[in-house]
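Contents: one structure, followed by commentary.
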Amino acid sequence: MKNLPETTRLYIPSATYFVDYHPNSRAPISRLNFIRRPAPMPHEQMFSNRQGQHDRPQTEARPVTAPRSQKTIGLTLAIFGALLLTPDTLFMRLSQLDGFNMLLWRGGLSGLAYFMIWLWMRGPRDLSNIWTRNFAIIVACQTGNAALFSLAIALAPVTVVLIGVATVPIFAALLSRFLLGEALSMRTLITAAMVFLGLFISVLDSDDGHLMLDLTTLIGAGLGLGVAFSLAMNFTIIRKDTDVPFVLAIAVGAIAAAGLAAVFATTLAWPPLPQMAAIALTGIFILPLSFVTLSYAARFVPSSTVSLIMLLETVLGPLWVWWGIDEAPSAMMLIGGGIVLTCLSVFLILEGRKAA
């Protein structure tokens with residue numbers, strides 16, 4: 001150290017620090033003045049990598065998706081899935097199948113499609129999480145959703161069934177509050193109430209403007225509420241448990257629903273080729289892709305938001321039927337549908353600005 005100048009700055013590569021060394025100072029090394037090294041120049045970075053490549057492993061930081069970006073992804077997935085689901089009603093009408101045969105073909109074909117999607121996306125890597133309570137809940141919800149809707153349509157007026165299904169955002173908001181601890185969004189609750197009002201207006205005219213309060217009506221309303229609860233619980237559990245293989249669970253539930261239909265159907269129909277093409281298109285393509293997309297959206301945004309956006313199918317579906325088989329909607333349906341679309345558009349614009 002005798003040849004060093006009065007004060008010398010020594011660089012320690014392994015520690016990425018500078019040390020101000022004073023030759024005449026008798027202070028121990030722990031009391032010397034340590035100065036953190038500034039960001040290296042390119043040639044210094046190259047030199048330090050060569051010097052310290054064996055001192056410690058080089059790690060790379062993984063990009064983290066910001067919460068706002070996640071919300072944008074969730075809204076996009078939900079809108080895409082809901083719009084993809086809108087022509088489902090048209091192809092159901094074109095198939096000309098009764099309730100149980102509809103459930104048999106739709107459940108069986110969509111179950112196989114869900115299973116193929118699961119194999120393509122994850123496959124056997126997810127098998128370690130199938131023996132869980134959340135997996136069983138999703139299976140039960142999917143089975144109940146498919147079976148209850150077909151049974152409701154077969155037994156009760158469509159009006160009360162759709163009114164019951166329209167409560168799915170309310171169930172989703174309550175389940176998210178109790179199961180996930182998520183705060184109830186006032187914007188979501190107000191939008192859900194307005195959407196419910198619009199759907200009530202749109203379906204009320206289909207029964208000549210009045211509903212008869214009898215046992216059939218009560219059964220239809222109860223089954224519609226059961227469908228809404230099943231959908232809301234499905235989305236909430238998928239949001240809660242990010243490790244559960246929900247695509248496989250939905251596949252099992254859809255096949256189970258088809259099995260129930262095969263048991264309770266009085267006759268099993270083999271539709272002609274045009275009707276088979278219609279039910280195959282909705283069972284293999286529309287249902288699986290739309291529900292997988294909507295379910296993935298629940299991983300990024302609250303289940304109540306996904307449930308609200310999914311109600312676009314209830315409003316836009318009759319427009320597809322009008323275009324496909326010339327079944328014109330009534331004036332009340334157009335008014336109610338306009339209320340629903342306006343409320344959802346305002347909601348999505350405000351949510352999009354919040355996520356930006």
Side-chain angles (χ1 to χ4, degrees), residues 65-92 106 109-111 113-118 120-122 138 141-142 145-146 165-166 168-169 172 176 185 187-188 191-192 195 198-199 228 231-232 234-239 242 245-251 254 280-321 323-324 337 340-356:
T65 305
R68 292 184 177 181
S69 299
Q70 290 184 352
K71 193 168 187 178
T72 302
I73 293 173
L75 291 174
T76 304
L77 289 174
I79 294 172
F80 176 79
L83 292 178
L84 184 61
L85 187 62
T86 53
D88 180 52
T89 305
L90 172 62
F91 290 105
M92 290 175 63
R106 278 163 55 90
L109 292 175
S110 63
Y114 285 126
F115 186 74
M116 296 303 296
I117 293 174
W118 171 74
W120 175 69
M121 296 180 64
R122 302 283 300 180
I138 296 176
C141 288
Q142 179 64 24
N145 164 40
V165 174
V168 60
S176 297
S185 170
R187 179 187 301 167
T188 302
T191 305
V195 167
L199 290 176
L231 287 171
N234 202 350
F235 290 139
T236 304
I237 294 298
I238 290 172
R239 179 168 175 79
T242 57
F246 69 87
V247 179
L248 178 61
I250 293 176
L281 183 59
T282 185
I284 297 176
F285 178 73
I286 294 177
L287 274 180
L289 292 182
S290 60
F291 270 96
V292 168
T293 306
L294 288 166
S295 300
Y296 265 109
R299 292 277 173 89
F300 299 97
V301 293
S303 56
S304 56
T305 301
V306 178
S307 303
L308 267 177
I309 297 174
M310 192 181 67
L311 292 181
L312 283 171
E313 190 268 340
T314 308
V315 178
L316 298 181
L319 299 181
W320 280 100
V321 175
W323 174 80
V340 173
L341 289 178
T342 301
C343 293
L344 289 178
S345 298
V346 173
F347 174 79
L348 291 175
I349 290 173
L350 295 177
E351 288 292 306
R353 289 179 179 177
K354 185 178 178 181

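Excluded from the calculations below are hydrogen atoms, water molecules and symmetry mates; all remaining heavy atoms, backbone and side chain alike, are included.
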Non-neighbouring partners of V315 that pass side chain to side chain contact (heavy atoms under 4.5 Å, CB included), sequence neighbours left out
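For V315 the side chain to side chain contact (heavy atoms under 4.5 Å, CB included) partners, ignoring immediate neighbours, are L199, V340, L341.
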What residues form a side-chain hydrogen bond (donor to acceptor under 3.5 Å, both in side chains) with T293, not counting sequence neighbours?
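With neighbours one apart ignored, the set is empty.
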Contacts of S290 that satisfy side-chain hydrogen bond (donor to acceptor under 3.5 Å, both in side chains) - sequence neighbours left out:
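Listed in chain order: nothing, the list is empty.
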May I have all residue pairs that pass side chain to side chain donor-acceptor pair (under 3.5 Å) and include part of residues 74-91, sequence neighbours excluded?
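Output for this query lists T86-W320, D88-R106, D88-T282, T89-E313.
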Pair listing, side chain to side chain donor-acceptor pair (under 3.5 Å) test, anchored in residues 297-306, at least two apart
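Counting only pairs at least two positions apart or across chains, the side chain to side chain donor-acceptor pair (under 3.5 Å) contacts touching residues 297-306 are S176-S303, T236-S303.
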How long is the gap from [atom1] on [X] to [atom2] on [Y], to the nearest 0.5 Å?
X	Y	atom1	atom2	answer
F80	L75	CZ	CG	15.0 Å
Q142	Y114	CD	OH	5.5 Å
L84	I79	CG	CD1	13.5 Å
F285	L109	CZ	CG	14.5 Å
T188	L308	OG1	CG	6.5 Å
Y296	L77	OH	CG	10.0 Å

On a heavy-atom basis, which atom in [X] and which in [Y] lie closest, and how many Å separate them?
X	Y	result
S110	A254	OG-CB, 3.8 Å
A82	L294	N-CD2, 3.9 Å
P169	A166	CD-O, 3.3 Å
P288	I117	CB-CD1, 3.9 Å

Does some side-chain heavy atom of V346 sit less than 4.5 Å from a side-chain heavy atom of T191?
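Counting from C-beta outward, T191 and V346 never come under 4.5 Å.
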Does a side-chain heavy-atom distance below 4.5 Å link I286 with P87?
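A side-chain contact under 4.5 Å exists here.
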Apply the test side chain to side chain contact (heavy atoms under 4.5 Å, CB included) to residues I250 and V292: give CA-CA distance (whole Å), side-chain angles for both, the deciding distance (0.1 Å), then the verdict.
CA-CA 9 Å; I250 293 176; V292 168; 5.7 Å; no
Please identify each residue that fulfils ring pair (Phe, Tyr, Trp, His ring centres under 6.0 Å) with F347, with sequence neighbours left out.
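F347 satisfies ring pair (Phe, Tyr, Trp, His ring centres under 6.0 Å) with no other residue.
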Determine, stepwise, if the pair N234 / L231 fulfils side chain to side chain contact (heavy atoms under 4.5 Å, CB included).
CA-CA 5 Å; N234 202 350; L231 287 171; 5.6 Å; no
